[in-house]
Amino acid sequence: MSRVYICSCFGITEQQVKQHADSGACTPRQIASACKAGTDCGSCVRRIQALLGRGACPRRDLVDRGEQVLSELEDAA
């Protein structure tokens with residue numbers, strides 16, 4: 001299985017970004033908080049946006065209702 005790197009600065013793969021999205025990260029900023037992708041040179045931010053835009057965020061309906069969705073990520077930080 002080949003790894004597709006999204007962020008070469010921090011060695012973050014497409015699969016890792018998808019895992020963070022599955023855990024509730026719905027924006028590039030939330031992905032950055034979870035794994036630092038997009039926080040150095042910034043060249044991967046558009047690829048992260050594209051990845052997040054391909055599928056529905058699993059917790060988008062909670063965000064739309066104003067409910068908290070990232071407590072696990074925030075508690076881990």
Side-chain angles (χ1 to χ4, degrees):
M1 179 164 115
S2 66
R3 292 184 181 176
V4 177
Y5 286 92
I6 296 298
C7 176
S8 57
C9 294
F10 293 103
I12 305 300
T13 64
E14 182 175 310
Q15 185 61 35
Q16 288 171 302
V17 171
K18 288 179 181 179
Q19 287 172 344
H20 290 301
D22 289 344
S23 295
C26 296
T27 66
R29 182 172 286 182
Q30 291 169 344
I31 294 292
S33 293
C35 65
K36 295 186 181 179
T39 62
D40 196 26
C41 77
S43 67
C44 61
V45 173
R46 288 186 185 213
R47 288 184 283 172
I48 293 169
Q49 288 172 326
L51 265 179
L52 294 174
R54 285 187 190 155
C57 176
R59 300 183 187 180
R60 178 73 65 196
D61 57 334
L62 296 176
V63 172
D64 290 343
R65 291 193 306 251
E67 296 180 31
Q68 186 175 9
V69 294
L70 291 176
S71 59
E72 305 104 28
L73 292 177
E74 291 169 353
D75 291 341

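Note that these values count all heavy atoms, side chains included, but never hydrogens, waters or copies made by symmetry.
The two residues C9 and D40 make their nearest non-hydrogen contact at SG-OD2, 3.5 Å. Smallest separation of non-hydrogen atoms from A32 and T39: CB-CG2, 3.5 Å. When all heavy atoms of A21 and L52 are compared, the closest pair comes out as CB-CD2, 3.8 Å.
Shown are P28, S33, C26; of these, the side chain to side chain contact (heavy atoms under 4.5 Å, CB included) with Q30 is made only by C26.
We find the CZ-CD1 distance between R46 and I6 to be 14.5 Å, quoted to the nearest 0.5 Å. To the nearest 0.5 angstrom, I12 atom CD1 is 12.0 Å from R47 atom CZ. Here CD of Q49 is found 10.0 Å from SG of C44. Values are rounded to the nearest 0.5 Å.
The same ILVMFWY cluster, assembled from side-chain heavy atoms under 4.5 Å apart, contains both I48 and F10. With hydrophobic clusters built from ILVMFWY side chains whose heavy atoms lie under 4.5 angstrom apart, L51 shares a cluster with I31.
In this structure the side chain of C35 reaches within 4.5 angstrom of the side chain of H20, judged on heavy atoms.
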